[in-house]
K.L.:
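Sharing a structure, written as structure tokens. Questions coming.
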Amino acid sequence: QVQLVESGGGLVQAGGSLRLSCAASGRTFSFMAMAWFRQAPGKERDFVAAVDWNGGSTAYADSVKGRFTISRDNSKNAVYLQMNSLKPEDTAVYYCAVRPGYTRRTGANEYTYWGQGTQVTVSS
């Protein structure tokens, strides 16, 4: 059974940093694209960042470009999201997602496996 477990969320002041981790188990994810999405209260789930199967290509939402960095370690079946210069509008539940394809996508419906999410709260 496929399982994705996020960690690293928490409460941080504006301008601070957090690093989210997502550990995948149940199958080999080395040949699958991985991504992060987020959902704020009362809003839809939005794309944040994605990385292709070998880390060679990444994509970011305009709102996080230059502040967030996605990376992956296939030897650990893990994907990470380094978040710097956090803003109150970054507050949301962050979800890890995996799609059974080599290339990264930005649409939530392109991803098959999802984690339970980790809360990130940025205070002003």
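Predicted, not measured: the structure shown is a model, and the values here were computed from it. Values below: all heavy atoms of this structure, side chains included; hydrogens, waters and symmetry mates excluded.
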K.L.:
Would you call Lys65-Asp62 a salt bridge at under 4.0 Å N-O?
P.N.:
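Yes.
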K.L.:
Is the count of non-hydrogen atoms from other residues, nucleotides or ligands lying under 6.0 Å from Gln119 atom CD greater than 12?
P.N.:
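Yes, because the 6.0 Å sphere around CD of Gln119 holds more than 12 heavy atoms from other groups.
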K.L.:
Identify the heavy atoms of Ser30 and Asn74 that sit nearest to each other, and give their distance.
P.N.:
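Closest approach of Ser30 to Asn74: O-ND2, 3.6 Å.
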K.L.:
Do Leu20 and Phe47 sit in the same hydrophobic cluster, where Ile, Leu, Val, Met, Phe, Trp and Tyr count as joined when their side-chain heavy atoms come under 4.5 Å apart?
P.N.:
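Hydrophobic grouping puts Leu20 apart from Phe47.
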K.L.:
Flag yes if Val93 and Met34 sit in one hydrophobic cluster, no otherwise; membership is Ile, Leu, Val, Met, Phe, Trp, Tyr, and two members link when side-chain heavy atoms are under 4.5 Å apart.
P.N.:
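Per the 4.5 Å side-chain linkage, Val93 and Met34 are not co-clustered.
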K.L.:
Side-chain contact test, heavy atoms from C-beta onward, threshold under 4.5 Å: evaluate it for Phe29 versus Tyr113 and give yes or no.
P.N.:
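Yes, their side chains come closer than 4.5 Å.
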K.L.:
Under 30°, 30 to 60°, or over 60°: which ring-plane class applies to Phe37 and Trp114, parallel, tilted or perpendicular?
P.N.:
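Phe37 and Trp114: tilted rings.
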K.L.:
Which pair of non-hydrogen atoms, one from Ala92 and one from Ala40, has the smallest distance, and what is that distance?
P.N.:
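That would be CB-N, 3.8 Å.
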K.L.:
Rounded to the nearest 0.5 Å, what separates atom OH in Tyr102 from atom CG in Asn54?
P.N.:
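So the gap between those two atoms works out to 10.0 Å.
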K.L.:
For the residue pair Arg19 and Ser17, confirm or rule out a side-chain donor-acceptor distance under 3.5 Å.
P.N.:
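No.
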K.L.:
For Arg99 and Met32, work out which heavy atoms get closest and say how close.
P.N.:
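In terms of heavy atoms, the two residues are closest at O-CB, 3.1 Å.
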K.L.:
Ignoring hydrogens and angles, tell me if any N or O in the side chain of Arg72 forms a donor-acceptor pair with the backbone of Ala78 under 3.5 Å.
P.N.:
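Looks like no, no N/O pair under 3.5 Å.
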K.L.:
With a 4.5 Å heavy-atom cut-off, do Met83 and Tyr94 have their side chains touching?
P.N.:
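Side chain of Met83 against side chain of Tyr94, heavy atoms only: contact under 4.5 Å found.
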K.L.:
Would you say the side-chain atoms of Arg67 pair up with the backbone N or O of Gln82, donor to acceptor, closer than 3.5 Å?
P.N.:
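Judged by distance alone, no pair lies under 3.5 Å.
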K.L.:
Which heavy atom of Tyr111 sits nearest a heavy atom of Ala33, and at what distance?
P.N.:
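For Tyr111 versus Ala33, the nearest heavy atoms are CE2-O, 4.1 Å.
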K.L.:
Verify, without hydrogens or angle tests, whether Asp52 (side chain) and Gly55 (backbone) share a donor-acceptor contact under 3.5 angstrom.
P.N.:
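Flag set: sc Asp52 to bb Gly55 pair under 3.5 Å.
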K.L.:
Answer yes or no: is there a side-chain heavy-atom contact under 4.5 Å between Thr91 and Lys87?
P.N.:
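Thr91 does not reach Lys87 side chain to side chain.
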K.L.:
For the backbone of Ile70 and the side chain of Tyr60, can you confirm whether one donor and one acceptor N or O come within less than 3.5 Å of each other?
P.N.:
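At least one qualifying donor-acceptor pair exists.
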K.L.:
Centres of the Trp53 and Phe31 rings: under 6.0 Å?
P.N.:
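Between Phe31 and Trp53, which both carry aromatic rings, the centre distance is below 6.0 Å.
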K.L.:
Answer whether the closest heavy-atom distance between the side chains of Val48 and Leu81 falls below 4.5 Å.
P.N.:
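The answer is yes, as the side chains (C-beta and beyond) meet within the 4.5 Å cut-off.
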K.L.:
Is it true that the side chains of Thr58 and Arg104 contain a donor and an acceptor less than 3.5 Å apart?
P.N.:
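No, no side-chain donor-acceptor pair sits under 3.5 Å.
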K.L.:
Which atom names give the shortest non-hydrogen contact between Ser124 and Ala14, and what distance separates them?
P.N.:
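Nearest pair, atom of Ser124 first, then Ala14: CA-CB, 4.4 Å.
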K.L.:
Check whether any side-chain heavy atom of Val79 lies under 4.5 Å from a side-chain heavy atom of Val51, and answer yes or no.
P.N.:
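They are in side-chain contact.
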K.L.:
Leu18, Tyr95: one ILVMFWY side-chain cluster at the under-4.5 Å cut-off?
P.N.:
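Looking at the clustering, Tyr95 is in a separate group from Leu18.
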K.L.:
I'd like to know if the side chain of Thr121 reaches the main chain of Leu11, judged simply by a donor and an acceptor atom lying under 3.5 Å from each other, with no hydrogens or angles considered.
P.N.:
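The answer is no, because no donor-acceptor pair under 3.5 Å joins these two groups.
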K.L.:
Do the side chain of Glu6 and the main chain of Gly117 share a donor and acceptor less than 3.5 angstrom apart?
P.N.:
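Confirmed, Glu6 side chain pairs with Gly117 backbone.
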